[in-house]
Amino acid sequence: MSTMLDDKTRSIVSACVPALEAHGLDITHEMYRRLLANPEIRDLFNMSHQKDGEQPKALALAVLAYARNINNLGALGAMVERIAEKHVGLNILPEHYPFVGEALLGAIAHVLGDGATPEIMDAWGKAYWFLADVLIGREKQIYQEHADTPGGWTGWRSFTVRKIVVESSTIRSFELVPSDNKPVMQHKPGQYLSFKLDIPGHGSQRRNYSISSAPASDHYRLSIRKADGGVVSSWFHDTVREGDELQVSAPAGDFVFTSEPNTKNVLISAGVGLTPFISALGAVEKLPRGPIHFVHGAHTPDTQAFAPYVQKLVAEGVIKADIFYSAGAPAETSPLPGLTLHSGRVTAEWLATQVQPDAHYWVCGPEQFMLDTILALKAQGVAPAQIHYEFFGSASDAQLLAAA
């Protein structure tokens, strides 16, 4: 169990907020420079997030949020849980934490120079290991849960690509079955799989992809968009074939869709962000449920995945749906009662006309879309406990804390 931080340590960390606001990004860039010099540690990271600066930015915001909330750590509970789940997906182990701590503290000392007094360094050392111990403890629990679940596993497990389906002009689905022909743990709708890949010319890569299939004990399905310049997504689309084997860790993530019979749920997505909602709809399709409103933004009808499935659910009365096309008008205006097609994007103004204070809102999509949508819902008085979301990439709750 972590030893609680003393008043002096918390006071010093809190006093560092202005310095982190001014130099936080420099510190995280320097930290990753040190950390990624170790090949064993470098292989644990999604290197594309280093190249575009997303990971250092997200970590800088997380460190700042930690310092700002050092006297109210309960406010960071959701962020800590997401980090722990992501770490488990990537098979981060306790022995990795000293490397991170050494790199972070070294970066603070390097960037702040004479401002990094012995007292400040001692306080940040204690603060780092307090948080590290919390994460290590939670990750141990999750690993044990995976080991104890029927069909579960820890570490990497070999899966075979059983089927590939073209879902749209930019998205393909990959159905995976365990190579050992044994059962798999049923995922919770909204969770993701993590992959350890070796891509020619790019070396070791790590990625997370949301599961788009309904929970099952024999397979998983991923639906991956081919991103412009995306090393891994392009490899999946252009190189992966049926029969290929992939190294996969057990389903992880705390973005888990739940639905009570009398609860209203609104699913809001854009692009490939619809994948966890397709899993959720598959799970509740034949179960007692409250009203479900599916709101989705696509570029064009050609890039929209799972359109026939959405139309089927509308026709069966499982959901009502609003689909937005950001590039041009839809081909038809009202193909089905309960399905409305729109030109343009999902906007805060449109959402304001749809908000139901007693509904639960589930949001997934590109980072800025999610931030805008979540803040728009909060502006309309939706309680934070009724807003659920899943950030792609390295983004975290810290961005919401910074934007609020």
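When reading the values below, keep in mind they use all heavy atoms of this one structure, side chains included, and skip hydrogens, waters and symmetry mates. Note that the coordinates shown come from a computational prediction; the quantities given were computed from them, not determined experimentally.
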Item to check | Check against ring pair (Phe, Tyr, Trp, His ring centres under 6.0 Å), Trp153 and Phe159 | outcome: CA-CA 12 Å; Trp153 72 97; Phe159 276 72; 5.5 Å; yes
With distance as the sole criterion, is a donor-acceptor pair present between the side chains of [X] and [Y] under 3.5 Å?
X      : Y      : answer
Asn265 : His293 : no
Gln186 : Tyr220 : no
Asp198 : Ser204 : no
His87  : Tyr97  : yes
Thr154 : His146 : no
Arg225 : Thr170 : no
His110 : Asp26  : no
Ser158 : Ser179 : yes
Tyr325 : Gln304 : yes

Straight-line distance of [X] [atom1] to [Y] [atom2], nearest 0.5 Å:
X      : Y      : atom1 : atom2 : answer
Trp124 : Thr9   : CH2   : OG1   : 11.5 Å
Gln386 : Gln356 : CD    : CD    : 11.0 Å
Arg34  : Leu104 : CZ    : CG    : 10.0 Å

Checklist entry - For atom CZ of Arg162, is the number of surrounding heavy atoms from other residues, nucleotides or ligands below 6.0 Å larger than 12? => result yes
Checklist entry - For Gln354, does the CD atom have more than 12 heavy-atom neighbours from other residues, nucleotides or ligands under 6.0 Å away? => result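 Buried by this count: over 12 neighbours within 6.0 Å.
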Checklist entry - Angle class for the His296/Phe294 ring planes (parallel below 30°, perpendicular above 60°, tilted otherwise)? => result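 His296 and Phe294: parallel rings.
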Item to check | Aromatic plane relationship, Phe255 with Phe277 - under 30° parallel, 30 to 60° tilted, over 60° perpendicular | outcome: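 Rings of Phe277 and Phe255: tilted, 30 to 60°.
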Checklist entry - When you check the gap from the basic side-chain N to the acidic O, do Arg10 and Asp6 get nearer than 4.0 Å? => result no
Next on the checklist: Less than 4.5 Å apart, side chain to side chain, heavy atoms only: is that true for Pro251 and Met185?
Outcome noted: yes
Item to check | Ring-face cation of Arg82 near Tyr389 (centre distance under 6.0 Å, axis angle within 45°) | outcome: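 Checked: cation-pi criterion met.
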Checklist entry - Considering the options Ser279, Ser173, Ser213, which one meets the side-chain hydrogen bond (donor to acceptor under 3.5 Å, both in side chains) requirement together with Ser223? => result Ser173
